[in-house]
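Before any comments, here is the structure.
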Amino acid sequence: MKLSKRLQAIYDLVDEKAIVGDIGCDHALLSCALVLNEKASKVYACDINEEPLQQARKSIQYYKLEDQIEIIQCDGLDMLPSDVDTIVIAGMGYETIKSILDKHPEKLKGCNKIIIQSNRDVEKIRKYVSDHHYHIQSEQCVFDLHYYQIIVFDCSNDSELNKKELLFGRRMIKDNVFLQMWFSNLKKYESILGKLSEKNEKYQIIYDIINQIKEEIEV
Ligand SMILES: C[S@@+](CC[C@H](N)C(=O)[O-])C[C@H]1O[C@@H](n2cnc3c(N)ncnc32)[C@H](O)[C@@H]1O
């Protein structure tokens, strides 16, 4: 099975023999790949909606993985069993991810890895992790038609992130994809700034971000 680059990057972050909660599993492609390749020993494929779960059921039946993938229809972590050691929450927006994380902190604490890929507002995810003093294990950028950032954390205690870390990450792999993503963001911010009057309240904010990006990627 061929995963998209984004899902492959998430797959690669899962530890061998993990017991995974794939929250918002949709088609369950990640769940199936994890079990098919014997990366995960068990996956709970969870989704709030019936329609994606019908698709998930088809994928699981197609690959004959019913013994190792259990489908659960629930909101976030509501019905996630306690043997899960790895949670994946991918392909959702910040508000949904926040509400899922907020509801069951005790389930997060029982995990070795919480892998988050928010489609937007990644700085807000970092702020959330920082405000809770959670520990970021690793971060990386992936380009798969869009730029995505993946954050892996656990609930061990860590210091709050500073302003620069909130924007660029604390344990980010600063590879070419990272540089290209911020170069692309820089061009977008410069274009926005070019259209704003200096009197606009957002001018200084965007001006400051541009300077931070230039300093970070040294352009
Ligand atoms: C865009 S899909 C992402 C699928 C997959 N995780 C990925 O990254 O490709 C988002 C999925 O999250 C599900 N979802 C949205 N809110 C949810 C919630 N509170 N709890 C569980 N699933 C949720 C949706 O039904 C949908 O199937």
Side-chain angles (χ1 to χ4, degrees), residues 3-14 23-24 26 30 76 87-102 108 113-155 157-219:
L3 293 174
S4 67
K5 267 193 189 175
R6 178 182 63 86
L7 285 178
Q8 183 63 44
I10 294 168
Y11 171 101
D12 290 339
L13 288 163
V14 173
I23 312 301
D26 198 358
L30 176 68
I87 290 174
V88 175
I89 309 176
M92 297 182 212
Y94 168 72
E95 290 302 333
T96 310
I97 295 174
K98 179 185 181 307
S99 75
I100 291 173
L101 296 176
D102 267 343
L108 302 180
K113 274 190 173 182
I114 299 137
I115 302 172
I116 304 284
Q117 181 268 303
S118 170
N119 288 342
R120 294 174 295 283
D121 299 323
V122 179
E123 296 82 27
K124 289 186 186 173
I125 297 280
R126 285 202 191 91
K127 178 89 173 78
Y128 183 95
V129 170
S130 172
D131 287 347
H132 288 76
H133 290 265
Y134 293 154
H135 166 75
I136 294 182
Q137 296 179 1
S138 67
E139 298 164 271
Q140 72 184 76
C141 300
V142 183
F143 182 72
D144 188 357
L145 299 176
H146 301 278
Y147 287 102
Y148 297 100
Q149 296 183 58
I150 306 169
I151 299 175
V152 184
F153 73 93
D154 62 60
C155 296
N157 200 51
D158 205 346
S159 58
E160 283 183 30
L161 302 182
N162 62 33
K163 202 174 147 195
K164 198 175 159 200
E165 289 171 327
L166 285 172
L167 196 56
F168 301 109
R170 173 172 283 180
R171 298 195 171 86
M172 175 62 77
I173 299 170
K174 297 191 175 175
D175 55 6
N176 274 340
V177 186
F178 171 85
L179 291 176
Q180 283 157 10
M181 179 183 82
W182 281 108
F183 190 73
S184 160
N185 288 343
L186 176 64
K187 295 288 142 206
K188 280 184 211 152
Y189 283 121
E190 283 178 337
S191 159
I192 295 167
L193 194 72
K195 291 175 194 141
L196 288 180
S197 142
E198 286 187 32
K199 288 178 192 145
N200 189 302
E201 55 181 27
K202 289 196 177 138
Y203 188 93
Q204 194 57 42
I205 298 169
I206 293 176
Y207 183 85
D208 287 345
I209 293 175
I210 286 174
N211 281 333
Q212 285 182 68
I213 299 174
K214 283 184 172 170
E215 198 184 302
E216 178 67 25
I217 63 173
E218 294 173 357
V219 289

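Nothing fancy with the numbering, it's 1 onward along the sequence.
- Applying the ring pair (Phe, Tyr, Trp, His ring centres under 6.0 Å) definition to pairs two or more places apart or across chains, none involves residues 189-216.
- In this structure, the side chain of His135 does not engage the main chain of Asp154 through any donor-acceptor pair within 3.5 Å.
- The closest donor-acceptor contact from the side chain of Arg171 to the backbone of Gln137 lies at 3.5 Å or more, if one exists at all.
- Using modelled atom types, no side-chain atom of Ser130 and backbone atom of Glu160 make a donor-acceptor pair closer than 3.5 Å.
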List the atom pairs, donor and acceptor, that lie under 3.5 Å between side-chain atoms in residues 116-124 and the rest of the protein, sequence neighbours left out.
unit_1: Gln117; atom_1: OE1; unit_2: Arg6; atom_2: NH1; d: 2.8
unit_1: Gln117; atom_1: OE1; unit_2: Gly91; atom_2: N; d: 3.0
unit_1: Gln117; atom_1: NE2; unit_2: Asn119; atom_2: OD1; d: 2.9
unit_1: Ser118; atom_1: OG; unit_2: Arg120; atom_2: N; d: 3.4
unit_1: Ser118; atom_1: OG; unit_2: Arg120; atom_2: O; d: 2.4
unit_1: Asn119; atom_1: ND2; unit_2: Gly91; atom_2: O; d: 3.2

Between Asn185 and Tyr147, is the side chain to side chain donor-acceptor pair (under 3.5 Å) condition met? List the steps. CA-CA 10 Å; Asn185 288 343; Tyr147 287 102; over 6 Å; no
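- Of all non-hydrogen atoms in Cys155 and Ile114, the two that sit nearest each other are SG-CD1, 4.2 Å.
- Rounding to the nearest 0.5 angstrom, the gap separating the CD1 atom in Ile209 from the NZ atom in Lys188 is 13.0 Å.
- Here the closest non-hydrogen pair linking Ile150 and Ala9 is CD1-CB, 3.6 Å.
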N/O donor to acceptor pairs below 3.5 angstrom from side-chain atoms of residues 210-219, sequence neighbours left out:
unit_1: Glu216; atom_1: OE2; unit_2: Lys174; atom_2: NZ; d: 2.7

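- Between Trp182 and Phe168, the ring planes lie perpendicular to each other; the angle is over 60°, past the 30° to 60° tilted range.
- Closest non-hydrogen pair, Phe178 versus Asp175, comes out as N-OD1, 3.0 Å.
- Residue Lys127 places its NZ atom among 12 or fewer non-hydrogen atoms of other residues, nucleotides or ligands, all under 6.0 Å distant.
- The environment of Lys187 atom NZ is dense: over 12 non-hydrogen atoms of other residues, nucleotides or ligands sit within 6.0 angstrom.
- For the atom pair Gln204 CD and Lys199 NZ, the distance stands at 15.0 Å (nearest 0.5 Å).
- Ile205 contributes atom CD1, which lies 10.0 Å from atom CG of Leu196 (distance to the nearest 0.5 angstrom).
- A salt bridge between Lys98 and Glu95 is absent, with no side-chain N of the basic residue lying under 4.0 Å from a carboxylate O of the acidic one.
- Side-chain contact between Tyr128 and Asp102 is present, with at least one heavy-atom pair separated by less than 4.5 Å.
- If you check the side chains of Ser159 and Arg170, you find a donor sitting under 3.5 Å from an acceptor.
- Taking all atoms of both residues into account, the shortest heavy-atom contact from Ala90 to Ile10 is CB-CD1, 3.6 Å.
- No side-chain heavy atom of Val142 sits under 4.5 Å from any side-chain heavy atom of Val177.
- Looking only at side-chain heavy atoms (C-beta outward), Gln8 and Ser4 stay at 4.5 Å or farther from each other.
- Of the candidates Ile115, Thr96, Ile125, Leu101, Ile89 forms a side-chain contact (heavy atoms from CB on, under 4.5 Å) with just one, namely Leu101.
- Between Asn176 and Leu179, the closest side-chain pair of non-hydrogen atoms falls below 4.5 Å.
- Interatomic distance, Ile206 CD1 to Lys195 NZ, rounded to the nearest 0.5 Å: 10.5 Å.
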Evaluate side-chain contact (heavy atoms from CB on, under 4.5 Å) for Ile87 paired with Ile23, printing each intermediate quantity in order. CA-CA 7 Å; Ile87 290 174; Ile23 312 301; 4.0 Å; yes
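- No salt bridge links Lys5 with Asp12; every basic N to acidic carboxylate O contact stays at or beyond 4.0 Å.
- Residues His133 and Asp158 form no side-chain contact, since every pair of their non-hydrogen atoms from C-beta on lies 4.5 Å or further apart.
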Apply the test side chain to side chain donor-acceptor pair (under 3.5 Å) to residues Arg126 and Gln149: give CA-CA distance (whole Å), side-chain angles for both, the deciding distance (0.1 Å), then the verdict. CA-CA 11 Å; Arg126 285 202 191 91; Gln149 296 183 58; 2.6 Å; yes
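- Residues Leu13 and Ser138 are in side-chain contact: their nearest non-hydrogen atoms beyond the backbone lie under 4.5 Å apart.
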